[in-house]
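Before any comments, here is the structure.
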Amino acid sequence: MADLDPELAARLQFEVPHAARIWNYWMGGKDNFQADRAAGAAVAEVYPEIVVMARQSRRFLIRAVRYLAAEAGVRQFLDVGTGLPTMQNTHEVAQQIAPESRIVYVDNDPMVLVHARALLASTTSEGLTNYVHADYHDPERILAKAAEALDFRKPVAVMFMGVLGYEPDLDVVRSIVGRILEPAASGSHLVLWDGSDTSPAVVDGADKLVESGGAPYILRSPEQLASCFEGLTMVEPGLVPITRWRPDDSETEHIDAYGAVARKP
């Protein structure tokens, strides 16, 4: 755990399960506490696949960012709701392919703020990595702060990686996504994945998370998730389980999480 100043430590509430720290636990990270591990274990007991989902979500991010940097020529990334850093974060993947890439991370979590120093220190000399402390319910602040590092007259990849279920209203979700994409240039992309209500077990897992003290997370149907991409052109293979989006190998197991990459005309 990184050293914490007293003000931040007071806000972290170590005894209360926290979404980013629970996810970190599922991914095999070390930035979590007993309350997070207990809640994470309770969910995994009824839905063991949550651990697979957490780790496969990072593999999806890696494949999507590689595609955008290597094939689509994108050099700017706005990663909204980035969570705690683990391995092969957005800037590391993008800058490995295109060292000049510019990445802005957005999160409202004080623990993520603590780790932002490490993120900022591990950029290439040609590129830029920055951090905005903001909630995705405040797209105007996100856009204003991101514009200090990104040029919205050029393509930007806007990323929402498994975070939009914290907003219960789908119309609000669509509004957030649309507003952040609105000023982005033609050729920009939306990368989005989220948990789907496609099995009874995953629904039971979401219920168990709430019972264990975690924040409620809304699972949506693939059709609901697809509505976030209206007006955009899907990149093949479209909206699919994240394990089936351009997999690196023949492993394409079904998972209760759907994602896609789409281009703004």
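Since the model is a prediction, treat every value here as computed from it, not as a measurement.
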Gln96 atom CD, neighbour heavy-atom count above 12 within 6.0 Å
no
Taking every heavy atom of Ala157 against every heavy atom of Leu68, the minimum-distance pair comes out as CB-CD1, 3.7 Å
Okay, side chain of Arg75, backbone of Ser101: is any donor-acceptor separation there less than 3.5 Å?
no
Is there a side-chain contact between Tyr47 and Asp256 in this structure, where contact means two heavy atoms from C-beta onward sitting under 4.5 Å apart?
yes
Identify the heavy atoms of Ser188 and Pro155 that sit nearest to each other, and give their distance.
OG-CA, 3.4 Å
Return yes if some donor-acceptor pair links the side-chain N/O of Lys264 with the main-chain N/O of Glu182 below 3.5 Å, else return no.
yes
Exam field: side chain Arg102 to backbone Ala149, donor-acceptor pair closer than 3.5 Å
yes
Geometric class of the His254/Tyr258 ring pair [parallel <30°, tilted 30-60°, perpendicular >60°]:
perpendicular
Asn130 side chain vs Ala146 backbone, donor-acceptor pair below 3.5 Å
no
For the pair Asn32 and Trp23, evaluate side chain to side chain contact (heavy atoms under 4.5 Å, CB included) and give the outcome as yes or no after the intermediate values.
CA-CA 9 Å; Asn32 49 74; Trp23 198 255; over 6 Å; no
Can you name the residues that form a salt bridge (charged side-chain N to carboxylate O under 4.0 Å, His left out) with Glu230, not counting sequence neighbours?
Arg174
Any donor-acceptor pair under 3.5 Å from Arg263 side chain to Ser186 backbone
no
Under 3.5 Å, is there a donor-acceptor pair between the side chain of Glu92 and the main chain of Asn89?
yes
More than 12 non-hydrogen atoms from neighbouring residues, nucleotides or ligands closer than 6.0 Å to CD on Glu100, yes or no?
yes
Compare every heavy atom of Val202 with every heavy atom of Leu219, then report the nearest pair and how far apart it is.
CD1-O, 3.6 Å
